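Note sheet for the following structure.
A quick note: this is a predicted structure, and the numbers were derived from the prediction, not measured. The analysis underlying the following values was restricted to heavy atoms, covering all of them including side chains, and did not include hydrogens, waters or symmetry mates. Atoms within a ligand are numbered from 1 in the order they appear, just like the ligands themselves.
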Amino acid sequence: MRSLNILTLFPEFFTGPFTTGLMGKFIEKGSVRFNIVDIRTYSEDNFNRCDDYPYGGGSGMVLKPEPLFRALDALENRGTVMLTSPSGVPLTQQRVKEFSDLEDITIICGHYEGVDQRVVDTYVDHEVSIGDYVLSGGEFAALIITDTLVRYLPGFMSNPESLVEETFEESLLEYPHYTRPDEYRGLQVPPVLLSGNHAKIAEWRLQNRLEKTRRVRPDLYNRYQIIKEKQR
Ligand code: SAH
C-alpha cells in the first residue's frame, strides 16, 4: 500500500486511532500516505449540506452525489475505491490479504441510509461489509479495514511469522496464549508449555485449535475438515 484516502463526514474519528497504539506509531513513520478527506469541504451549498431526502420516499437521508463525485475526482491517487456498506461482500482475512497488495486505496464512509447509487456505479470497485450488523456510519468500518491492512505492511510486524500462524489461517482459530508468571493466584500455565518438548507443544496447540473451532465456529471447522479431506 502506497496511499490510503478516507472520505468521511467526521474526520475527527481518525485522529485518535491514527496517532496512538501500534497503528498510530506505524502511520507516523510515514511509509504510507494517509489522507483523511472531509466530504463537507466538497459540498456545493452554503450550509455544507451533504445529505438529502430519498427519491421514492422512505425514512432517513441519503449522501448526495455531488460532494462525493467532486471529492473523488480531486484525489491524486484514487486507486481502488471501497465503499463501507452492510450490503457489501463481508471482509475476511483472505480478502484483507488480497487488498494488501493494492498500491492506492480509497475508502468511502457512508452515513445516514447510505450513499446515492450513482456514486457506487461510477466509482466503487468493492462494497465492503465488516459483518452482519448495522453501524451508524462507515467510520468504524474504515478503521477496521485500515487496521487489517496496516498489519501487512512491510516492517509493521516485528515477527512476520505471526501473520502465517494466526487465527483463520487454515480455517482454524488460534490456540490459547500464556506468558510469565507460570503461576498466578493459583492459576497454572499448562505444564506442557513449560516442558520444552516442541512436538508435544505443537500437538497441544493443534488440539486446542481444533476443540475451540469445533465449539465456537462449526462453519470454519467444517471447512477445515473439507480442506484436510482434499489433502489426503
Ligand atoms: N440503510 C442501510 C444502513 C445504513 S448504515 C441498510 O440498511 O443497509 C450507515 C452507514 O454505515 C452505511 O452507509 C455504511 O457506510 C456504514 N455501515 C453500517 N453497517 C456496516 C457494516 N456492517 N459494514 C460496513 N459498513 C457499515
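The side-chain tip of Arg151 does not point at the ring of Phe156 from less than 6.0 angstrom away and within 45° of straight on. Cation-pi geometry between Arg40 and Phe10 is met: under 6.0 angstrom from the ring centre, within 45 degrees of the axis.
Contact check for Leu72 versus Tyr42: no side-chain heavy atoms found under the 4.5 Å cut-off.
The aromatic rings of Tyr178 and Trp204 sit tilted relative to each other, their planes meeting at an angle between 30° and 60°.
A heavy-atom cutoff of 4.0 Å around ligand 1 is satisfied by the protein residues Thr84, Ser85, Pro86, Gly110, His111, Tyr112, Glu113, Gly114, Val128, Ser129, Ile130, Gly131, Tyr133, Val134, Leu135, Ser136, Gly137, Gly138, Ala141.
Here Glu66 pairs with Lys64 under the salt bridge (charged side-chain N to carboxylate O under 4.0 Å, His left out) rule; sequence neighbours left out.
Ion pairing between Glu28 and Lys25 fails under the 4.0 Å rule for side-chain N and carboxylate O.
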